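In what follows, a single structure is set out as structure tokens and then discussed.
Residue indices begin at 1 and follow the sequence shown. Note that ligands are numbered from 1 as they come in the structure, with each ligand's atoms numbered from 1 the same way. Model, not experiment: these values are computed from the prediction.
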Amino acid sequence: MQRITILGATGSIGVSTLDVIARHPDRFQVFALTAHGRVAELAAQCARFRPQHAVVGSADAALQLTRLLRERGVHTEVSYGEAALCAVSASDHTDTVMAAIVGAAGLAPTLAAARAGKKVLLANKEALVMSGQLFMDTVAAHGATLLPIDSEHNAIFQCLPANYVREPLAAGVAKILLTASGGPFRTRSLDSLEAVTPDEACKHPNWSMGRKISVDSATMMNKGLEVIEAHWLFGAGADQIEVVIHPQSVIHSMVSYTDGSVIAELGNPDMRTPIAHALSFPERIASGVAQLDLTQIGSLQFEQPDLARFPCLRLAFEALRAGGTAPAILNAANEVAVAAFLDLRIGFRDIDRVIEAVMARLPHGEASSIEAVLAQDALAREAALAQIAGIAR
Ligand code: NAD
Ligand code: MG
């Protein structure tokens, strides 16, 4: 029986994870569930999956959850805050941690899971973008197992040889081909992008996801973060990672080998496939996702990304090439800018302008410790807020 902690259980990935788990009660048992604010949803999940622990974001939310659980006769223990998140990640009573908190808030508990040598299922790409080297070193030093949940990285993992050790050339890998749908604004006129609304930006053509990653997909910052994620997971340099627009999202990514072979992973765009793959790896289990019917899809298209339309993708490549804390600065500025856009404080195109201004203003340093990374993260957030304050709206 695999005992599982889900960080971010009420989110899009969390809910899909519970959907897969519910199909296999003989294999999986839920140890802990966490959520930030959606207490009623978390209470319903606790009533169904009966975890030993639940963690929320504040003392108020903890009181509320305790009351709801008592009404339902559920004996889940309730706690709150970052230390509690780290405790349920590192507990001796859990084997596997699904890291599905959105943004930098997921870094500490995800690292705690790695430090405790857990099987870490990584959806929270921001954690790896912020602290790539430190994170990978922690995984190695503590014998943790890191399995990618991001559909592209899960696909690449499946297309690489079984004994792959983060050295592309040694494995005959010429390039990693990271596919991208291009999001909802791939073909929209550039002028009209200034005025798009959060709801338009969150209407992804193929995937149903949380609002932050949906906006990231619309700006293609999501692909930029994924380029950095692929760098850390697979040891590929910026020149060995190529982004290919593929609007159907049927090919989830590919690996191109030196002999000319290209191996791709295909499937319907549903996160339960990579989640089930990682939960049961190296076995295969049912995920609830329908089998792919290629004749229904008919044709697959590919094109090059337009960096004028998607400056965030260019900025992410620049941050990866700059190294050090540059990706942490990029990520922090993006989180603040996306939150401001979702709050209607800035326009859609202001997102890339804010990030570019912060990256130009703030010199990056060495990512020598988590403290150094968090200090840069804080400075970048401040700089982004100052930039946003200067944008009249
Ligand atoms: P979401 O917004 O739907 O859910 C986020 C979860 O994190 C919620 O449970 C929320 O309660 C929790 N959370 C938010 N802020 C928190 C905080 N400050 N402290 C503690 N918990 C907090 O997001 P999502 O779409 O499920 O994405 C989660 C992560 O997975 C992101 O890093 C995203 O990039 C990644 N990811 C998502 C998808 C997808 O299809 N949704 C695909 C690939 C990768
Ligand atoms: Mg992805």
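- By the criterion of a heavy-atom distance under 4.0 Å, neither the backbone nor the side chain of Ser16 is placed next to ligand 1.
- When non-hydrogen atoms are compared, ligand 1 lies under 4.0 Å from the backbone of Ala100 (N, CA, C, O) but not from its side chain.
- Between Asp95 and Lys119, none of the side-chain N atoms (NZ, or NE/NH1/NH2) sits under 4.0 Å from a carboxylate O, so this pair counts as no salt bridge.
- Here is the list of ligand 1 atoms found below 4.0 Å of a heavy atom in Ala123: 30 (O), 32 (O), 35 (C), 36 (N), 44 (C).
- Among protein heavy atoms, the minimum distance from atom 29 (C) of ligand 1 is reached at Ile101 O, 3.8 Å.
- Among Glu41, Met271, Glu152, the residue whose heavy atom sits closest to atom 40 (O) of ligand 1 is Met271.
- Nearest to atom 23 (O) of ligand 1 by heavy-atom distance, out of Ala99, Gly210, Ser214, is Gly210.
- Ion pairing between Asp199 and Arg211 holds under the 4.0 Å rule for side-chain N and carboxylate O.
- The nearest heavy-atom contact from the protein to atom 43 (C) of ligand 1 is Asp150 OD1, 3.1 Å.
- Near Ala9, meaning under 4.0 Å from any of its heavy atoms, are these atoms of ligand 1: 9 (O).
- The Mg ion (ligand 2) lies at the vertex of an angle of 100° between the OE1 atom of Glu152 and the OD1 atom of Asp150 (rounded to 10°).
- Of the heavy atoms in Glu126, only side-chain atoms (C-beta onward) come closer than 4.0 Å to ligand 1.
- Checked against the Mg ion (ligand 2), the N, O or S atom of Glu226 at the shortest distance is OE2.
- Below 30°, between 30° and 60°, or above 60°: for His246 and Phe302 the angle between ring planes is below 30°, a parallel geometry.
- Nearest non-hydrogen protein atom to atom 41 (N) of ligand 1 is Ser12 OG, 3.2 Å.
- Both the backbone and the side chain of His36 come within 4.0 Å of ligand 1, judged by heavy-atom distances.
- Side-chain contact annotation: Ser89 with Thr5, donor-acceptor N/O pair under 3.5 Å absent.
- The aromatic rings of Phe341 and Phe348 lie perpendicular to each other, with more than 60° between the two planes, well past the 30° mark.
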- prompt: Checking salt bridge (charged side-chain N to carboxylate O under 4.0 Å, His left out) for the pair Arg27/Glu283: CA distance, chi angles, key distance, verdict?
  reply: CA-CA 12 Å; Arg27 284 178 178 262; Glu283 291 175 60; 2.9 Å; yes
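- For Ile213, every heavy-atom contact with ligand 1 shorter than 4.0 Å involves the side chain, none the backbone.
- For ligand 1, the atoms lying closer than 4.0 Å to a non-hydrogen atom of Ala105 are 17 (C), 18 (N), 19 (N).
- Near Thr10, meaning under 4.0 Å from any of its heavy atoms, are these atoms of ligand 1: 8 (C), 9 (O), 11 (O).
- In the model, Asn154 has a side-chain atom that pairs as donor or acceptor with a side-chain atom of His277 under 3.5 Å.
- Using a 4.0 Å cut-off between charged side-chain N and carboxylate O, Arg321 and Asp239 make a salt bridge.
- Every atom of ligand 1 is numbered from 1 in the order shown, and the set under 4.0 Å from a heavy atom of Asn124 is 32 (O).
- Two rings, from Phe157 and Tyr164, have their centers 6.0 Å or more apart.
- Ionic pairing of Glu152 and Lys125 is not present here: no N-O contact between side-chain nitrogen and carboxylate oxygen is shorter than 4.0 angstrom.
- For the pair Lys212 and ligand 1, no heavy-atom separation below 4.0 Å is found.
- Taking distance alone, with nitrogen or oxygen atoms compared against 3.5 Å, Gly11 approaches ligand 1 more closely than that limit.
- In terms of heavy atoms, Ala218 sits closest to Phe310 at O-CE2, 3.5 Å.
- Among protein heavy atoms, atom 5 (C) of ligand 1 sits closest to Val102 CG1, 3.7 Å.
- Looking at Glu229 and Lys223, no side-chain N of the basic residue comes within less than 4.0 Å of a carboxylate O on the acidic one, giving no salt bridge.
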field: Evaluation steps, salt bridge (charged side-chain N to carboxylate O under 4.0 Å, His left out), between Glu200 and Lys203
entry: CA-CA 5 Å; Glu200 286 175 299; Lys203 224 174 268 149; over 6 Å; no
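- Using a 4.0 Å cut-off to heavy atoms of Ile13, the atoms of ligand 1 that qualify are 26 (O), 30 (O), 37 (C), 38 (C), 39 (C), 40 (O), 41 (N), 42 (C).
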